[in-house]
Each structure stands twice: as C-alpha cells, then as structure tokens.
Peer 1: 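Could you have a look at this structure, given as structure tokens, before my questions?
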Amino acid sequence: MTRVLQISDTHLSPAKRHFAANWAPLHDWIVRQHAELTIHTGDLTVDGADVEEDMRAGAALMHALPGAFLAVPGNHDVGEPGNPHQPVNAERLDRWRRHFQADWWSHDLENWRLIGLDSMLCGSGGDEESRQLDWLERAMSTAGGRSIAWFTHRPLFIESPDEADTGYWSVKPAPRKRLLDLIRRHRVALVATGHLHKWRDTEVDGCRYIWCASSGFLVGPDNQPDMPGEKRLGAVLYEFDGANVSVTMVDVPGLTTLWIDDVLHEVYPPRHAA
Ligand SMILES: [Fe+2]
Ligand SMILES: [Fe+2]
C-alpha cells in the first residue's frame, strides 16, 4: 500500500501573507502522514505568474517537505488562456519549470500510472498544448495495464461532461472534449483537480472525479456561483493498493477558515485595461 497526499490552492506569497497562517498546520499534517508522495494541484502561489519571489519562496517550502513532491500549475502560477492580463506564455511556463522542473509528468506506483497535466495549456492553442497532448497519448498508451489517474488544476467540467462553457471555472468545451475522449478510450479511473476551493467525490461514466479542497481559503457566493461540492478546507489522502485506491477527504487540524471575499481587493486587486 502506498500513501499519496493531494494538497491544493495554498495561494502562498512572502509579500501577501493573507493565507500564510494555514501553511504551518498543513506542513505539520504532511510530516505526520509519512506519505511516499505529495502532489500539489496548483495555485501554489498568490501570483507566481508575475512575481518571481512568490514562485521561489513557494518552491522552497514544497521542496523541504518529506517524501517525493510533484506539482501542476494553476492559473495564478502560470496564467491562463484567454486572460487579457495574464495569458499563459513561454516566460511564465519557463518560470514554473525553473522552480518545479515540469508542468506535466507521469509517476508509476503500485499498479497505477499517475499523470500530472498542465490544464493551463488546454485551449491555449500553441505548440506547448500539442506537445503536451502528444506526450499524454504516449503516456496513456504505454501504461501497460496499469490503472490511470490524472492530477490537474482546473476541473474538466462542473456538473456534466457535455455542459456549455462555464467561463473561469472549468476547461473550455473544445479542449475538454479531447480530454474526455482520451479518458473514455483509456478508461482513466480517476481525475483529481483543484481550483474550485471545494471538496467533491463523484463518479461520471465510470471515472471518479475528485475535487481537492483548498488549504488556503474559501470563496463566498459573491465571487463563486452556486455549484456542487462542499465549502470546506482540507486535503486528500490516497491509499493506492495494487490496482485499487481508497480516497479520503481530510480535515487538516489547525486550519483557519479564511474567506477570499474579505481580502480580495488586497490579494487580487481589480485590473483595468490600460
Ligand atoms: Fe485557487
Ligand atoms: Fe485556480
């Protein structure tokens, strides 16, 4: 049996310390788990997309954790397709890769192949997006009978695989369809994501979709539409055993329930087109 932790949406920054108090309890919990691997599913930083020091400090914290560490970037780490202020681009991807080596990866354990995907490339339309898709096809087709689990930041959909564009909250319908085709073709068993700052465990068409809670903050109704899932902070424990897995949502002791709505104007001030 192999223990793996998923943490997400820590939103850490040495300059903007609004959620910093929740790092110590999360760190202490990780140390107590004696897991083989910790996976961070993005929005590791407040603004690594533009602030080198956020990325440097965040990487230092993660690389000091016990056990192996892997991460995929969130929109606040590398920008996102279609964002006029912070598009995902070569400079931002390069910053992430300098500090975290890779934004997509595969890692085999037990009878599983874990695949980390950079969802910020989905719909970005450049070489990087097709390079990741080519690599993903290979990583899946060479899995050799292993069960497959994906880890990425942005969920593929909120309520249903064929829903329309949900805007900020999930992958756009065109890139989503390509990923869902792969999920069906290769019978992907599990897709684990972050971004929503909500906990959910649901099964759709034979694939289990896990929304990992944020350990940083919750988002109130003024800034997040009504959608499924539970607003609570925490992390996820996976116990992989042969071709099986058990998934447990964990309330991490000592986390303070913080709300972005109270500090949004300081942490993410509104931007105006120049
Ligand atoms: Fe986030
Ligand atoms: Fe996000």
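Numbering of ligands and ligand atoms starts at 1, following listing order.
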Peer 1: Out of the N/O/S atoms in Asp43, what is the name of the one closest to the Fe ion (ligand 2)?
Peer 2: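 It is OD2 of Asp43.
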
Peer 1: Give a yes-or-no answer on whether the side chains of Asp77 and Thr45 include a donor-acceptor pair shorter than 3.5 Å.
Peer 2: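 Thr45 and Asp77 do have a side-chain donor-acceptor pair below 3.5 Å.
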
Peer 1: Between Glu80 and Lys172, does any NZ, NE, NH1 or NH2 come within less than 4.0 Å of an OD or OE carboxylate oxygen?
Peer 2: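 Glu80 and Lys172: not salt-bridged.
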
Peer 1: The Fe ion (ligand 2) to His153: any N/O/S contact under 2.8 Å?
Peer 2: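 For His153, the answer is yes, given that an N, O or S atom comes within less than 2.8 Å of the Fe ion (ligand 2).
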
Peer 1: Kindly assign one of parallel, tilted or perpendicular to the pair Phe19 and Phe217, based on the angle between their ring planes and the thresholds 30° and 60°.
Peer 2: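 Ring orientation of Phe19 relative to Phe217: tilted.
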
Peer 1: Return the name of the atom in His195, of element N, O or S, nearest to the Fe ion (ligand 2).
Peer 2: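 Per the distance ranking, His195 contributes ND1 as its closest N/O/S atom to the Fe ion (ligand 2).
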
Peer 1: How wide is the angle at the Fe ion (ligand 1) between OD2 of Asp9 and NE2 of His197, to the nearest 10°?
Peer 2: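 Vertex at the Fe ion (ligand 1): approximately 90°.
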
Peer 1: Show the nearest heavy-atom pair for residues Thr41 and Ala192, with the distance to one decimal.
Peer 2: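 Closest pair (atom of Thr41, atom of Ala192, distance): CG2-O, 4.3 Å.
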
Peer 1: Let me check your reading of the structure: within less than 2.8 Å of the Fe ion (ligand 1), is there an N/O/S atom from His76?
Peer 2: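 For His76, the answer is no, given that no N, O or S atom comes within less than 2.8 Å of the Fe ion (ligand 1).
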
Peer 1: Quick check: does His11 have an N/O/S atom under 2.8 Å of the Fe ion (ligand 1)?
Peer 2: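 So His11 does bind the Fe ion (ligand 1) by this criterion.
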
Peer 1: Looking only at side chains, do His76 and Gln86 share a donor and an acceptor under 3.5 Å apart?
Peer 2: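 Per modelled atom types, His76 and Gln86 side chains form no pair under 3.5 Å.
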
